[in-house]
Every structure is written in C-alpha cells, then in structure tokens.
Amino acid sequence: MTSFLLRIFNFNNKSAEDSEDGEDSEDGEDSEDSVFSGLEDSGSDSEDDEDEEQEERPDEDEALKTKEEEEEEDEEEEEEEEQQDEGAAPKAGDEYEHDSSDEEDIRNTVGNIPMAWYKDFPHIGYNLDGKKIFKPIRNKDELDDFLDKMENPDYWRTVHDEQTGSDVVLSEEQVALVTRLQRGQFGDVNFNEYQPQVEFFSGDVMQHPVTGRPADKRSFIPSLVEKEKVSKLVHAIKMGWIKPRRHDDDRGRYYDLWANEDASILARHKMHLPAPKIPLPGHHESYNPPPEYLFTAEESALWEQQDPSDRKCPFVPRKFSALRQVPAFPRFIHERFERCLDLYLCPRQRKLRVNVNPEDLIPKLPKPRDLQPFPTTQSLVYRGHSGLVRSISVSPSGQWLASGGDDGSVRFWEVCSARCVRTIQTGGTIKNLSWNPNLSVCLLAVALDSVVLILSPSLADRQVLASSERLLSGQGAEPAEEEAGPVVWSEAEGEELNQWIRLKIKHPKAVHQVAWHAKGDYLASVMPDHSSHLQVFIHQVSRRRSQNPFRKNKGLVQRVSFHPARPYFFVATQRSVRIYNLVKQEMTKKLQANSKWISSMAVHPGGDHVICGSFDCRLSWFDLDLSTKPYKMLRHHQKAVRGVAYHRLYPLFASASDDGTVIVCHSTVYNDLLQNPLIVPVKVLRGHVKTDELGVLDVTFHPTQPWVFSSGADATIRLFT
Amino acid sequence: MGGLQKKKFERGSATNYITRNKARKKLQLSLPDFRRLCILKGIYPHEPKHKKKVNKGSTAPRTFYLLKDIRFLLHEPIVGKFRDYKVFVRKLKKAYGKTNYSAVEKLKDNKPTYKLDHIIKERYPSFIDALRDIDDALCMCFLFSTFARTGKCHVQTIQLCRRLTVEWMNYVIASRSLKKVFLSIKGIYYQAEVMGQLITWLVPYQFSHDHPTDVDYRVMATFTEMYTTLLGFVNFRLYHSLNLVYPPKLDVKAEAGLKEEDDEDYAMNSESYLEKLSALSTSLARVVSTAEEEEAQLDQFPVEGEDMETMEAREKEQKQQEAQKKLFEGLKFYLNREVPRESMAFLIRCFGGEVSWDKSVSIGSTYDVTEESITHHIVDRPEVGKQYINRYYIQPQWVYDCVNAKIILPVEDYFLGVTLPPHLSPFVEEKDGDYVPPEKLKIMALQRGEKPANEQAEEDEEEEEDDEEEEEDDNEAGDDDDDADEEEEAEEKSLKKMEEQRSQGKSLSVKVTAGKVKVENPARLEQEEKAEEKRLAIMMMKKKEKYLYDKIMFGKKRKIREANKLTAKRKAHDDAEKSKKKKVKK
C-alpha cells in the first residue's frame with residue numbers, strides 16, 4: 001500500500017519535476033536558484049526512494065504544517081540567504097548555476113495567497129506554463145499518518161509544502177538551522193555577533209562626509225525665528241528687564257567699614273540699652289572642680305526636685321578625671337538659643353544698681369559717750385508687789401517713789417535705799433497714780449477703779465504737810481455744787497485716815513489716768529468710753545469742784561496732760577492728740593500721730609514738744625512749732641510701747657515697751673527755732689523679765705538726777721542710774 | 001474756664017510705646033519677617049517704668065517697643081527686600097507648578113539678596129562698639145562652624161563661620177591677646193583683651209550635636225547672618241590694625257616649609273588653604289614685613305591724682321602681662337592624637353610656644369615625634385608605649401592651668417596617670433569674705449614666688465586661721481550681746497536668790513564673801529561699745545534706708561553662709577581623704 005502511495009507521489013513529483021525542468025530551460029536563473037532551495041534538493045537527487053520518503057510527509061501532517069507555517073515562511077527567507085552563503089563556499093565553481101538574485105523558485109505561480117482559496121478546486125495553482133497544478137490525491141488518512149509516523153524514521157523532519165501540496169524532508173543543515181533559530185541564535189553559524197563595532201558617527205572629523213547629501217540652502221541664510229528671539233532679548237536687556245547674572249561671592253567681601261568714623265550718635269543710641277553679657281563661669285562649672293563644689297546626695301536630690309526656673313545652678317557640677325572623658329554638653333544649643341531669645345525678645349529696662357557701702361547708710365550721730373549723763377546701769381530693784389506694777393511716780397523732791405498695780409497696794413519707797421516705807425492696801429486694781437508736782441505740798445492721786453483717791457502720805461516736813469492739809473481742807477469749797485455733777489467728792493473717814501487717804505472723788509466709771517497741773521491745784525482724770533462725752537474731768541482740789549470740759553465725744557481718750565507753763569490741755573485719743581486752750585476754751589491744734597492706737601503721751605518740760613508711744617511699736621515726736629505731723633517716728637521697739645517720759649531737767653526721754661526694754665534717748669531741743677531737735681538713742685536698758693507677753697509697763701525719770709525708774713509685769717521696779 | 005477735656009493715654013508715656021502687634025501692623029510685615037527685622041536691626045522690647053500707664057490702664061502682660069524704634073524701622077531698605085523675597089517665592093512656586101524649569105532657573109539666578117553692611121555700621125557707629133558686642137557673635141560662629149554640613153542650615157553659612165572663626169583665632173595668635181582659658185563642662189571658654197575690651201567666647205567640644213527639636217533654627221540662622229557680617233568686618237579691621245594681609249595668607253617662608261610635605265595629600269587647593277590656616281601652626285603674612293616685637297617702649301606718665309605707688313603697681317602689672325605673653329616661648333610641644341588639637345595649638349601658639357602633631361591627625365604639622373628638641377609631650381591617656389627621655393609627658397590640663405596662673409607650673413602634678421589637681425575658673429575674683437579654694441591659694445603662693453615645699457603645712461594653717469577669723473567675724477556682734485545678757489542674768493539670779501531668802505526667812509544671813517576681780521578686757525569693752533553705738537545708730541535710720549541696709553546685710557550674710565558651707569564641705573572631704581589614707585597605711 002505504501003509503495004503504491006509512493007508511486008503516486010512519485011508521479012506527481014515527477015510531473016512537477018518535469019514542469020520544473022521545463023522552467024529551468026526557460027529561465028536559467030530561476031532554475032539555479034531552485035536547485036538550492038530546500039524543496040529542490042529532492043528534485044536534484046536522483047534516488048527515487050529518498051524522494052518518495054521525503055515527499056510523503058507534508059501530505060500526511062496537516063497539523064504540523066499549520067504549526068510551522070510561519071516558521072516556514074521565515075525559513076524560506078532565511079534559507080535563501082543561507083543557501084547564498086553556503087552556495088558561495090562549497091560550490092564556487094558552479095557559481096552562476098546557483099545564483100538566485102531575488103526570487104526563489106516557486107513552481108506554483110499563484111503568489112503568496114492563502115491556499116484556502118483553492119480549497120474547493122481540484123488544483124492548487126498554476127505552474128509557469130499556466131498549467132494547473134493539481135492537488136495530490138488525498139488518500140492518506142489518520143491511520144496512514146500514524147503508520148507513517150511509526151515507520152518512517154524521517155517523519156519528524158518531513159514538512160508539508162502547502163503551495164505545492166507536497167511533503168518535503170528537511171536536510172541535516174536545514175534542521176540545524178531551524179533548531180538554531182528556535183534557540184534565538186543567528187542562522188549563520190559563522191556569524192560573529194560580537195565582532196568589534198565600526199564607529200561611523202564618531203567625534204573625529206572625517207575626510208569624507210558620511211552622507212553625500214549637499215547642504216541646505218537655509219543653512220547659508222540667517223534664521224528669521226532666531227533673529228526675532230535675539231531682538232526680544234536685546235530689547236529686554238536694553239530695558240533693564242534682564243540683568244546680568246550676579247556673582248554671589250560678595251557676601252564674604254569685607255572692607256574697612258569704620259574707615260571714617262563719625263561721632264554722630266543717633267537719637268536711638270541714647271536710648272540703647274546694651275544687653276548684659278553672659279555671666280562668667282565659676283569654679284563649679286569646671287570639668288574638674290574642687291570637691292567642695294560637687295553636689296552632695298541631698299543637694300542633688302533637691303536639685304532634681306526643683307523646678308528648672310528655681311534652680312540656682314542650671315546644671316549639675318561634674319568631675320572628670322581626664323579631659324578625654326568630657327562629653328558634649330547636651331544643652332549647648334539650647335543655651336545658645338535661649339541667649340538669642342533673650343537678645344531680641346526680652347524687654348530691657350535701665351535699673352540703677354544700688355552700690356552703697358552699708359556703713360554709709362548708718363546716720364552719723366554724736367557718740368553716746370559725749371552725751372552723758374544718762375542712765376546706763378541697773379542699780380536698784382524694788383521688790384514687794386505681787387502683781388503687775390501698773391504705774392509709778394516719783395515725788396517732786398525726788399526722795400520718794402510711789403507705785404501701784406494689780407495687787408491693789410500702793411507702796412511708797414525710799415528711792416535711795418529701795419525700802420518700802422508705806423504700804424496701803426486698797427482692795428482694787430490701781431490703774432494709775434501721780435504725785436502732785438508742787439513742791440510745797442505732798443499729795444498723791446491714785447486712780448482706783450472708779451474712784452480717785454488723794455493721799456497725803458506725810459513723807460515730808462511739817463511745813464509741807466501743813467500746806468497740803470490746807471489744800472485738802474476744802475476752804476473754798478462751794479457746797480452748792482454737790483448735787484450737780486456726776487462726780488461726788490467725799491472725805492475719808494475712820495480707818496482710811498490711818499492709811500493716809502484724805503479725799504475720795506467718786507466717778508461714774510473706771511478711771512484710767514490721773515494727771516496733775518504743774519501748780520498742783522488742778523487734777524485731770526480720764527475715763528475712756530466710746531459712747532459718752534463724759535470722758536475727762538478736771539478737778540480743782542482746793543475748791544473741790546469738778547467739771548467736764550468737753551461737750552462732745554471726739555474719740556476714745558487715752559491720756560491727758562497739762563501744759564507745764566501755759567493754759568493748754570493735751571488730750572490723746574486713739575489716733576490723734578488734741579490741744580485745747582483752756583482760757584479761750586477752744587481747740588488750737590490737732591496732731592496726727594500716724595499710728596493705730598496711742599498708748600502713752602508725755603509733754604516736754606519746755607512745752608513745745610510732745611512724744612506719743614503707741615501700741616504699734618512706734619514712738620512719734622511732735623514739734624508743735626513745726627507741724628501737726630510727727631517730726632520723727634522712731635520704730636526701735638519690737639513690741640507695743642507702754643510708757644514714755646521726759647526728764648524735767650536733762651535733755652532725755654525714755655520709752656518702755658512690752659519687749660522688756662527701756663530705751664533712753666538724748667534729745668537736744670534748741671532755742672533756735674530753725675534748728676530741729678536732735679534725737680540720739682543712747683542706751684537700751686534691759687532688766688525686766690517678760691511675763692504674759694507684758695514687759696515694762698511704766699517709766700518715769702527722777703526729777704533732778706539722770707535716773708530712770710521702770711515698773712514691769714514681773715512685779716519689780718528698777719532704777720537705772 | 002473750659003477748653004477741651006483731656007483724654008487719658010493721649011500723652012506721656014502711653015504714646016511713647018507700642019505693642020508688638022501694632023508695630024507689626026504698622027510695618028505691614030508677617031511675624032517671622034518682623035522677628036528677622038528686629039534681630040538684624042537690634043530692636044528689642046523695652047520695659048516701661050509704669051506699665052499700667054502704658055498699657056492704657058490694663059495690667060495684661062504685653063511686650064512694648066519704643067515707638068521711635070518702630071518708626072526708625074519704617075525706612076529700612078531691608079523691609080523692601082523682604083517684600084521682594086515674598087514675591088520671588090510666589091513666582092518660584094508658580095513656575096514649579098507649571099513645571100517651567102527654565103523659568104525656575106532664571107528666577108533662582110535672580111534671587112533677591114540683601115547686604116547688612118549699612119546695618120552693622122548703623123548699629124555700631126564706632127569700632128569699639130562693635131568689639132564690645134562681639135562676644136555673642138563669636139560664640140554663635142564657633143557653634144555654627146561645628147555643625148555637620150547637612151540640614152539645619154546652609155553649607156555656605158557653616159563654611160563662612162568656619163572661615164571667620166579661623167581668621168579670628170589667627171588674629172588672637174598674631175596679637176597675642178589671649179588672657180584666660182577655662183575648661184568647663186559646657187565647652188572651652190577663652191578670654192582675650194582686644195583693644196582694651198575683654199572678649200569672652202565659648203567653644204563647644206568637638207562632638208557632633210544631636211539637634212534638639214524645640215529650637216527654632218531660623219532665629220539662630222538670622223542671628224548668624226548678622227554675626228558673620230559683623231565678625232567679617234571686625235576681622236578685616238583687626239587684621240589691618242596689625243598690618244596683616246586680609247584675607248589671611250600664610251607667611252611665605254612658613255608656607256614653603258609646609259608645602260613640600262603634604263601637598264599631594266589634599267585634593268582641593270582652596271580647601272587645603274583653609275585647613276592650613278586652621279592648623280594655626282604658622283604665622284601670617286604681613287603687608288609690611290616688619291620684625292616682630294619691635295614696639296617702641298612706651299613711656300609711663302602718671303595719671304593725674306595717682307601717686308607713685310599705684311603707678312608702680314600698674315607698671316608691675318604691665319610687666320607681668322608682657323611676661324605672660326611670652327609664657328611658652330622656647331618650649332616645644334608635641335600633641336598626641338587624642339588631645340584636642342585645635343584648642344591646644346591655639347593656646348600654645350598664643351603664648352609663643354611651638355607646637356606640632358602627627359602628620360595624619362591634621363595638615364600643618366611642623367615636626368615629628370622623633371624630634372629631639374621637644375620639651376613637652378602632651379598626652380591624654382593613662383600611659384604611652386615608647387617614651388623619649390628628654391621630654392615631659394604631661395596631661396593637657398597643665399597647659400590650661402599655666403595660662404591661667406601666668407607662670408609655668410611645676411609639672412609633677414600633671415604627669416601621666418596622676419590624679420589631676422582641680423581645674424579652677426580664672427574668671428572668679430575673690431573679694432575678702434568670699435570662699436577661696438585652697439588650690440587657688442596654692443597657685444597664688446606660687447605666683448608670689450614662694451617655695452612649694454613647705455607650702456602644704458602653711459596652707460593648712462592659713463586656712464584654719466582664715467576659718468576661725470571668719471567665724472569670729474560672724475559671731476562677734478551676736479557674742480557681745482549674749483555675753484552681756486549672760487552676765488546680767490547671772491547677777492539677776494543671785495539677786496533673786498537673795499530676794500527669796502529675804503522673803504522666806506526674813507533674816508538675812510549676813511555674810512561677806514570675797515568678791516572676784518572681774519578682769520576687764522579694754523579692747524573687748526571698746527569693741528562692745530562700738531557695736532552698741534552702731535546698733536543704736538541703726539535704730540535711728542530712716543525707713544527706706546533701713547530696708548536697704550537690711551537687704552544688703554542679708555545678702556552679705558548669705559554670702560558668708562555659703563562660704564562657710566563650702567569650707568565645711570571641703571573640710572569634711574579632706575577629713576574623709578585623710579582617714580582613707582590612714583586606713584590604707586594600716
């Protein structure tokens with residue numbers, strides 16, 4: 001069966017060959033070309049068997065054909081070239097025989113058309129003679145194909161040529177070519193793809209142009225477009241729109257800026273406050289400070305706790321044993337930045353720095369040594385009272401001292417010996433007592449609760465006693481007035497006479513102070529009361545008459561005092577001192593004490609100066625000729641001032657305070673009105689012991705000697721000489 | 001009568017000040033621009049005397065500028081430049097938005113810039129004014145010159161800062177004007193006296209910075225911009241005052257010496273020149289080549305009202321200064337590689353020494369380790385491998401301490417591996433009553449020329465004496481009172497006893513006991529009297545003065561307290577050390 005088939009093919013082939021031969025004869029070139037085309041190999045072969053075998057394939061395998069169709073087309077072109085090369089080498093002698101200039105030998109002349117167009121026809125095209133080429137008789141079925149596949153060893157390289165309808169067996173070279181192409185290699189085995197490149201378009205100027213194209217005309221004439229652009233730029237430059245490129249290196253170009261220094265200072269420079277320089281570092285900032293500058297454990301703990309703004313030292317001092325161990329300071333940039341902020345954000349103000357020697361601030365005062373005599377040492381202590389000694393008073397002769405206090409006793413002491421000569425138990429609390437300043441009488445006024453007692457202690461010679469008796473006898477008394485006032489005068493009787501009490505003046509309220517007039521006839525008593533105008537009474541002892549000088553309540557009266565020479569009357573209320581003219585019956589002056597609560601008052605023996613002590617630790621000195629404001633405020637006591645006193649002869653005054661001290665000041669009062677009094681503290685006397693927050697309660701001077709007596713809450717009276 | 005009613009806050013101090021926001025509006029500037037303008041022009045807020053008056057009755061916290069200052073800013077040409085810059089930025093953005101890169105290029109070429117010359121001249125009308133304010137400029141430039149050349153600020157600025165600081169250091173070397181130096185934990189402080197002005201600056205240690213996030217670098221950059229301009233002009237002037245070439249050139253001879261060695265090691269010539277300058281090892285070229293130190297001897301004229309003593313003292317001081325300038329003359333130093341080279345070289349050259357280092361550390365080394373004439377080898381490590389016999393191996397602190405002490409200190413305390421003596425701040429000037437560390441006393445003794453041999457014993461004695469005196473001073477006032485009180489109290493007690501006896505028994509046991517003779521110290525009595533006098537006088541002080549006096553005295557007392565605290569701490573430390581030593585001995 002196969003042989004038969006082959007024969008048919010053979011025949012077919014033969015006929016084709018015949019026609020080909022005919023072609024060859026006509027067109028030499030074409031035929032030569034066809035000899036080398038792969039299809040023609042078989043034709044050139046004389047062996048029939050091979051031919052048959054080769055041409056069997058394409059018929060059988062349709063699938064293969066479709067698959068390799070594209071390849072084939074490529075192949076054909078490729079092959080053509082290959083054949084050229086191949087042909088050139090081995091068959092050099094037969095050169096023209098194989099030469100194929102452009103077309104390969106296609107016996108079918110239908111051209112490159114889809115062969116499907118001839119599907120319905122018996123032929124598949126026309127040969128060169130115009131004769132139909134008939135399709136091979138299709139008698140190969142699947143079974144034949146299979147058998148062929150099994151039996152034919154060249155089956156794998158048999159290709160069906162669709163145009164001719166014949167099967168072609170590929171030669172060894174052709175197979176090799178196909179495999180190379182499949183691998184993506186060049187078809188030519190001898191082609192060296194890595195051969196060195198010939199640089200045609202190099203930077204070297206060549207002798208001959210690469211292209212022989214003559215130069216354009218437009219390369220010889222100026223461009224209009226460019227001209228337009230250039231003229232625009234030129235215009236822009238002329239107009240100053242385009243500036244030449246600057247060179248930025250003048251940033252670092254310096255010259256002598258201060259070559260001609262002008263002294264003209266702008267107004268701004270007058271107001272200019274240069275920033276303070278950064279404070280220079282101390283020992284503690286060293287990398288290796290002395291050990292005392294390092295923080296101890298508690299100091300560093302404190303440092304940790306503190307707010308950064310409160311820290312005295314913004315960093316912790318540290319010690320490194322060598323310079324190489326010192327690390328970078330982590331807050332360096334911060335500190336620099338903060339300095340920058342300070343320089344431009346921090347408001348500046350010119351502040352005068354006080355640079356005074358503190359010694360210069362201390363006033364230059366005369367030395368106390370030059371101002372003697374004044375009391376300096378405690379010389380005597382008078383003991384006997386059992387409670388606070390509220391008040392003391394020295395007799396005008398200076399021989400006797402009377403004292404009274406909370407224990408209800410009035411004691412008379414001999415000044416020089418500190419002996420208690422008389423003791424009178426009254427049974428009440430004694431707020432105040434006062435010797436009659438008149439030398440010719442010997443009387444003592446005592447404020448005992450709401451009664452003022454007038455005592456005649458008979459501590460003087462007979463003449464004096466007689467004159468005091470005369471004063472107390474009440475010869476000029478007017479009996480009519482008894483019914484009138486709130487004050488009741490009564491004579492002492494019985495036992496009281498033994499206690500030297502002679503007169504009792506009964507007041508409506510508790511009496512806080514008694515004060516004699518210098519002549520010794522008048523006596524003023526004080527009953528502090530907010531609500532009533534009955535606060536002060538002036539009693540005339542000789543006529544046993546009392547009167548209330550004020551119609552109105554002008555404040556809580558603290559102290560009263562008579563002017564030593566003239567008919568003036570001083571009334572100290574809480575915050576001011578009023579001075580009344582007793583003759584004209586009007587107020588002449590009101591002194592503002594500038595203190596909260598006046599506690600005590602004393603009038604200078606000259607009568608032109610007044611001192612007031614107050615509970616808010618101040619002592620104010622008034623110069624009546626100068627002003628109604630204090631000439632001097634002294635704040636040298638630490639606690640409330642309880643008592644103040646002037647010396648009658650010496651330029652001294654003393655103040656007693658709750659802090660347990662008596663301060664003696666020297667105060668020269670000049671007759672010259674233009675010269676202000678000079679006040680010099682000369683001595684701080686200590687001795688009294690504070691009891692229940694109370695210190696010294698009263699102070700008084702000896703009438704003739706520079707001695708001062710003080711009575712305290714510790715139930716003692718002390719004499720400082 | 002009549003007339004217009006006076007309105008509040010229309011005259012007086014209220015019209016002299018302006019708040020920041022109002023000022024900004026008046027100048028029509030954004031806040032950053034206003035800030036920059038203030039920095040450049042040196043405008044700062046003023047604290048008015050009466051804040052409430054200025055603030056129109058309100059007490060709200062506000063910052064006030066002087067109205068005159070702000071008016072003065074109105075005419076500043078730089079304000080116009082700021083506006084130009086704003087326009088430039090807008091144009092640039094637009095060009096970028098349109099991806100018109102040629103326009104971007106063109107715009108960038110024409111970036112508006114400004115010069116600060118006129119501002120410098122205006123802020124510092126005279127050169128001395130500028131010198132007075134150079135401290136901050138130096139600190140800032142030294143800081144910026146240590147920044148890494150990445151981010152934070154322009155590379156040009158950093159380079160410029162580096163250049164200017166190197167120029168400054170070279171000037172200080174050439175003029176030999178360095179006075180003090182201090183190694184603190186923050187950095188190294190230097191103090192120089194230039195034209196009679198003391199100038200202090202701080203140089204950070206050579207480490208890279210970790211840049212904090214809460215710092216506004218724009219503000220710092222603006223300051224630096226101003227400071228570089230200022231420093232440049234100041235440098236120029238200073239160089240010309242010394243007849244030096246500006247920009248600085250190395251001396252020809254010296255340069256020739258350097259060149260042969262290491263030209264091939266450095267790629268860029270321009271860079272290596274700055275490097276060579278910053279090596280600080282060679283002197284600078286002069287315009288007129290004169291021999292150094294050929295200054296005419298200045299005659300001494302006594303200033304009016306100055307007696308011979310002060311003049312002599314002044315002369316002595318001047319001599320000392322001259323001596324200090326030549327402190328290291330004739331000494332040859334070699335720096336090991338771990339020593340901070342720049343600081344050391346600067347210092348040694350400032351005082352006339354010669355210095356070199358390993359060739360691989362930096363450019364500009366002048367001689368080798370093997371050089372025979374090296375006198376001091378500065379090492380900052382526990383030990384060195386190979387030691388040469390004829391030189392001292394010392395730690396770097398020696399150089400710094402020598403400069404501050406103004407004499408060559410004994411080297412024994414500074415050998416390798418030895419615990420260094422404390423490094424003291426030269427800026428502290430102790431007045432009497434202040435605490436003086438014993439090390440300082442030691443140095444002072446050395447300066448006076450005393451032998452350091454028996455100084456230790458003396459030292460201690462002195463110290464103790466001092467302490468005692470101090471304490472006495474403190475307590476004196478108090479003591480007197482106490483004593484007086486005590487006496488009185490004793491008396492009081494005896495009296496009380498007698499009193500009690502009298503009141504109880506009524507019969508006094510009359511007894512005469514031999515009295516004791518009270519020894520009265522006349523000096524002490526006098527003192528007491530004086531103290532009393534003072535106390536009494538203080539009582540008479542006016543209220544205001546008293547307040548001031550109390551404040552001053554409080555401050556003084558605090559100072560004394562602090563000094564006492566330091567002494568106590570030191571004593572405790574020394575005792576601890578001693579006991580430790582004893583233990584070791586045992």
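Throughout, protein chains are lettered first and strands after them, A, B, ... in sequence-line order, and every chain is numbered starting at 1. It should be emphasised that the depicted structure is a prediction, and the values quoted were computed from it without experimental measurement.
Contacts with chain A were tallied for B:Q395, B:Q397, B:H209; B:Q397 has the most, counting heavy-atom pairs under 4.5 Å. Chain B forms more heavy-atom pairs under 4.5 Å with one residue of A:R324, A:R339, A:K319 than with any other, namely A:R324. Highest contact tally toward chain B, considering only A:E359, A:H283, A:H636, is held by A:H283 [criterion: heavy-atom pairs under 4.5 Å]. If you tally non-hydrogen atom pairs under 4.5 Å between each of B:P426, B:C38, B:P204, B:P421 and chain A, the highest count goes to B:P204. Interface summary for chain B: among A:P274, A:P291, A:A259, A:P281, the most heavy-atom pairs under 4.5 angstrom belong to A:P281. By number of non-hydrogen pairs under 4.5 angstrom with chain B, the leading residue of A:T716, A:D256, A:L365 is A:D256. Considering only heavy-atom pairs separated by less than 4.5 Å from chain A, the leading option among B:L66, B:T200, B:T63, B:D135 is B:D135. Contact count against chain A (heavy-atom pairs under 4.5 Å) is highest for B:L183 among B:L164, B:L424, B:L183. The greatest number of non-hydrogen atom pairs below 4.5 Å with chain B, out of A:I663, A:L257, A:I242, A:L280, is found for A:L257. Looking only at heavy-atom pairs under 4.5 Å with chain A, the residue among B:A568, B:P382, B:A572, B:S425 that has the most is B:S425. Listed options A:H284, A:R369, A:K364 were ranked by heavy-atom pairs under 4.5 angstrom with chain B; first place goes to A:R369. Chain A forms more heavy-atom pairs under 4.5 Å with one residue of B:R381, B:K543, B:H573, B:K186 than with any other, namely B:K186.
If you measure heavy-atom distances from A:L343 to chain B, the contacts under 4.5 Å come from both the backbone and the side chain. Residue B:H46 touches chain A through both its backbone and its side chain, counting heavy-atom pairs closer than 4.5 Å. For a residue to count as touching a neighbouring chain, one of its non-hydrogen atoms must lie under 4.5 Å from one of that chain's; by this rule B:Q206 does not touch chain A. Interface residue A:Y255: backbone and side-chain heavy atoms are both found under 4.5 Å from chain B. Interface residue B:D214: backbone and side-chain heavy atoms are both found under 4.5 Å from chain A. B:N235 does not touch chain A: none of its heavy atoms, backbone or side chain, sits under 4.5 Å away. Using a 4.5 Å cut-off between heavy atoms, B:K542 makes no contact with chain A at all. Residue contact with chain B, scored on non-hydrogen atoms closer than 4.5 Å, involves the backbone and the side chain of A:V356 alike. At a 4.5 Å heavy-atom cutoff, B:F64 makes no contact with chain A through either its backbone or its side chain. Using a 4.5 Å cut-off between heavy atoms, B:E338 does not touch chain A at all. Of the atoms belonging to B:V234, heavy atoms from both backbone and side chain fall under 4.5 Å from chain A. Residue A:C665 does not touch chain B at all, counting heavy-atom pairs closer than 4.5 Å. Only the side chain of A:E335 comes within contact range of chain B, judged by heavy atoms closer than 4.5 Å. Looking at B:F223, only its side chain comes within 4.5 Å of chain A, counting heavy atoms on both sides. Heavy atoms of B:F147 lying under 4.5 Å from chain A belong exclusively to its side chain. Both the backbone and the side chain of A:P358 come within less than 4.5 Å of a heavy atom in chain B. Within the 4.5 angstrom heavy-atom criterion, no atom of A:R331 approaches chain B. Proximity to chain A (any heavy atom under 4.5 Å) is shown, for B:F127, by both the backbone and the side chain. Contact annotation for A:F332: only side-chain heavy atoms (C-beta onward) come within less than 4.5 Å of a heavy atom of chain B.
Using a 4.5 Å heavy-atom cutoff, the side chains of B:E532 and A:K683 are in contact. In this structure the side chain of B:Y435 reaches within 4.5 angstrom of the side chain of A:Y293, judged on heavy atoms. Side-chain contact between A:L634 and B:M539: absent, with no pair of heavy atoms (C-beta onward) separated by less than 4.5 Å.
When the options B:R237, B:E167, B:H240 are evaluated for a side chain to side chain donor-acceptor pair (under 3.5 Å) with B:Y246, the one that passes is B:E167.
Here B:D136 pairs with A:R336 in a salt bridge; the nearest charged N to carboxylate O distance falls below 4.0 Å. Contact check on A:K351 versus B:E47 returns no salt bridge, with no Lys/Arg side-chain nitrogen under 4.0 Å from an Asp/Glu carboxylate oxygen. Under 4.0 Å is where a charged nitrogen must lie from a carboxylate oxygen, and between B:E225 and B:R36 no such pair does. Using a 4.0 Å cut-off between charged side-chain N and carboxylate O, B:E439 and B:R570 make a salt bridge. Remark: B:R132 engages B:D129 in a salt bridge, criterion side-chain N to carboxylate O under 4.0 Å. Under 4.0 Å is where a charged nitrogen must lie from a carboxylate oxygen, and between B:K565 and A:E292 no such pair does.
Using the six-membered ring where Trp is involved, B:F207 and B:Y205 have ring planes that are perpendicular, over 60° apart on the 30 and 60° scheme. By the 30° and 60° cut-offs, the orientation of the rings of A:Y287 relative to B:H423 is tilted.
In this structure, B:K546 places its NZ atom where only 12 or fewer heavy-atom neighbours from other residues, nucleotides or ligands lie under 6.0 Å away. In this structure, B:R20 places its CZ atom where only 12 or fewer heavy-atom neighbours from other residues, nucleotides or ligands lie under 6.0 Å away. For A:K277, the NZ atom sits in a packed shell: over 12 heavy atoms of surrounding residues, nucleotides or ligands are nearer than 6.0 Å.
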